[in-house]
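Written below as structure tokens is the structure these notes are about.
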Amino acid sequence: MTVVPRAARSGGPAASNRCTRRRFLTGAATSAVAAGLAACSDRTSPVGAAPGSTGAGGRGSLTIGAIPDQDPEVLQRLYATVADSVAQATGLAVTYRPVTDYGAAVSAFRTGDLDLVWFGGLTGVHARLQAPGARVVAQRDIDEDFHSVFVVNTATGLSASDDLTPLAGLRFTYGSQTSTSGALMPAYFLAQQGVDPRGFPGGPGHSGSHDATLQLVASGSYQAGVLNEQVWASRSEAGEVDPAVRLYARTPAYHDYHWVLGPQAVDRLGEELPQRLSDYFLALSLDDPDDRAVLDLFGAQRFIATQASNYDQIEDIGRQLGLIT
């Protein structure tokens, strides 16, 4: 029997010699990035707004985004907080711009309408392939040991198990088609156990988000589905999972979410920008109340360094499944 604990968190509190937000600001290099920039945040301008001093293309601005993997209200709360925090730490005018789907996030990153994006493993690979020169900035502690969970409607009568083969005969939904934790890696682990990841009765569904997957399985529209473990854990802890939904299985670990910075932002704001942003994320500490607000929303104890090679497995599997060409 497989039991999923609360969201796995591998890191401890930040070391005492970490760069504080004040040290980060006062120690900034004498570059155009740090010179005379207003610390403000225009948090919800839509992608495609005219560029200006505080929008995409403005010399002192940074536009952030994220794949829409959860309810819009959750994302708005999370990334508005992140935008404020990054603005305070860097002196940049930071804008959060929501997108409609995973593909839109990759497209806006490619064109430079989004500078810094919170991607899943697969969308991060797509984004870097489409925007040569993009830089991997940081990931959460939980992203080096990430998992998906398979869930079933209680009417199936299935109990928790490591055996995925009983799922083959059920109506089944993934999340977004390009979700690492909601589609790519679950399909890979299903195939490893001899289950055709496209062979479910009537064909698999694609709910579009982890929250939607939970709702569809709860309603019985689908008998089973898969979502990322962090969303499952946080919704369970909040008492937001319908009793009709039961945990069935947990996947092995893989690398997943990470921040990626676009090449246009580096060209516009300077070569030191990737390191400054990485230093900011790695300096976030649970000991600081403002930092804690960011870390808690991300379900992490800290951010850690990462590198593009950590996502080679995801790229290989994406090519095997025809999701990367």
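Residue numbers start at 1 and run along the sequence shown. All of these numbers come straight from a predicted model, not from anything done at the bench.
In terms of modelled atom types and a separation under 3.5 Å, the side chain of Gln230 and the main chain of Ala300 share no donor-acceptor contact. Distance alone, capped at 3.5 Å, places no donor-acceptor pair between the Thr213 side chain and the Ser207 backbone. Side-chain atoms of Arg140 do not come within 3.5 Å of backbone N or O of Gly299 as any donor-acceptor pair. The backbone N or O of Ala244 sits less than 3.5 Å from a side-chain atom of Asp242, completing a donor-acceptor pair. Between the side chain of Asn228 and the backbone N or O of Val231 there is at least one donor-acceptor pair closer than 3.5 Å. Of the possible donor and acceptor atoms, one in the side chain of Asp143 sits under 3.5 Å from a partner among the backbone N and O of Tyr257. Between the side chain of Arg268 and the backbone N or O of Ser61 there is at least one donor-acceptor pair closer than 3.5 Å. With hydrogens and angles disregarded, no donor-acceptor distance shorter than 3.5 Å links the side chain of Arg171 to the backbone of Tyr222. Of the possible polar contacts, none joining the Ser221 side chain to the Val217 backbone as a donor-acceptor pair under 3.5 Å is found. Of the possible polar contacts, one joining the Tyr174 side chain to the Pro197 backbone as a donor-acceptor pair under 3.5 Å is found.
Here the side chains of Thr180 and Tyr254 are in contact, with some heavy-atom distance below 4.5 Å. Side-chain contact between Asn310 and Glu144 is absent, with no heavy-atom pair separated by less than 4.5 Å. Between Leu295 and Phe303, the closest side-chain pair of non-hydrogen atoms falls below 4.5 Å. Between Leu167 and Val195 the shortest side-chain heavy-atom distance does not fall below 4.5 Å. The side-chain heavy atoms of Arg250 and Glu229, taken from C-beta on, include a pair separated by under 4.5 Å. Between Leu273 and Arg135 the shortest side-chain heavy-atom distance does not fall below 4.5 Å. In this structure, the side chains of Leu62 and Thr90 stay at 4.5 Å or more apart for every pair of heavy atoms. Side chains of Leu78 and Tyr96 form no contact here, defined as non-hydrogen atoms less than 4.5 Å apart.
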- request: May I have the step-by-step check of side-chain contact (heavy atoms from CB on, under 4.5 Å) for Val106 and Thr178, ending in yes or no?
  value: CA-CA 11 Å; Val106 174; Thr178 52; over 6 Å; no
- request: Let me see the working for Val125 and Ile324 under side-chain contact (heavy atoms from CB on, under 4.5 Å), right down to the final yes or no.
  value: CA-CA 9 Å; Val125 170; Ile324 298 176; 3.6 Å; yes
- request: With side-chain contact (heavy atoms from CB on, under 4.5 Å) as the test, would you mind laying out the steps for Leu170 and Asn153 before giving the verdict?
  value: CA-CA 10 Å; Leu170 302 180; Asn153 189 287; over 6 Å; no
- request: Report the C-alpha distance between Leu116 and Val137 in whole Å, list the side-chain angles of each, state the deciding distance to 0.1 Å, and finish with yes or no for side-chain contact (heavy atoms from CB on, under 4.5 Å).
  value: CA-CA 9 Å; Leu116 179 67; Val137 172; 4.2 Å; yes
message: Quick one, Asp211 with Ser209, criterion side-chain hydrogen bond (donor to acceptor under 3.5 Å, both in side chains). Give me CA distance, side-chain angles, the key distance, then yes/no.
response: CA-CA 6 Å; Asp211 289 308; Ser209 76; 5.1 Å; no
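The two residues Gly169 and Pro201 come nearest to each other via the heavy atoms O-CG, 3.5 Å. Across every non-hydrogen atom of Leu284 and Ser85, the tightest pair is CD2-OG, 4.4 Å. For the residue pair Arg198 and Pro204, the shortest heavy atom distance occurs at O-CD, 3.6 Å. The two residues Val241 and Trp232 have their closest heavy-atom pair at CG1-CZ3, 3.7 Å. Here the shortest heavy-atom pairing between Gly182 and Val226 reads O-CG1, 3.5 Å. The shortest heavy-atom contact between Ser181 and Pro186 is O-CG, 3.2 Å.
Note on ring orientation: taking the six-membered ring where Trp is involved, the planes of Tyr79 and Phe298 are perpendicular (angle over 60°, cut-offs 30° and 60°).
In this structure, Ile142 is a member of the same hydrophobic cluster as Leu286, with clusters built from ILVMFWY side-chain heavy atoms closer than 4.5 Å. Leu297 and Val74 fall into different hydrophobic clusters, defined by Ile, Leu, Val, Met, Phe, Trp and Tyr side-chain heavy atoms under 4.5 Å apart, directly or through other members. Criterion: ILVMFWY side-chain heavy atoms under 4.5 Å apart, direct or through other members. Under it, Leu216 and Leu214 are not part of a common hydrophobic cluster.
Judged purely by distance below 3.5 Å, without hydrogens or angles, the side chains of Tyr311 and Gln139 pair a donor atom with an acceptor atom. Side-chain contact, Asp163 with Thr165: a donor N or O sits under 3.5 Å from an acceptor N or O. Remark: the Gln275 side chain and the Asp279 side chain contain an N/O donor-acceptor pair separated by less than 3.5 Å.
Rounded to the nearest 0.5 Å, atoms CZ (Arg246) and OG1 (Thr156) are 6.5 Å apart. Within the model, atoms CD1 of Ile304 and CZ of Phe281 stand 13.5 Å from one another, a figure rounded to the nearest 0.5 Å. Rounding to the nearest 0.5 angstrom, the gap separating the CG atom in Leu158 from the CD atom in Gln223 is 9.0 Å. To the nearest 0.5 Å, atom OG1 of residue Thr63 and atom CG of residue Leu114 are 7.0 Å apart. Atom CG in Asp256 sits 9.0 Å away from atom CG in Leu184 (nearest 0.5 Å). Note that OG of Ser179 and CD1 of Ile67 are 6.0 Å apart. Values are rounded to the nearest 0.5 Å.
A salt bridge links Glu315 with Arg319: the closest approach of a Lys/Arg side-chain nitrogen to an acidic carboxylate oxygen falls below 4.0 angstrom.
The ring pair (Phe, Tyr, Trp, His ring centres under 6.0 Å) test with Phe109 singles out one residue from Phe119, Trp118, Tyr102, Trp259, and that residue is Phe119.
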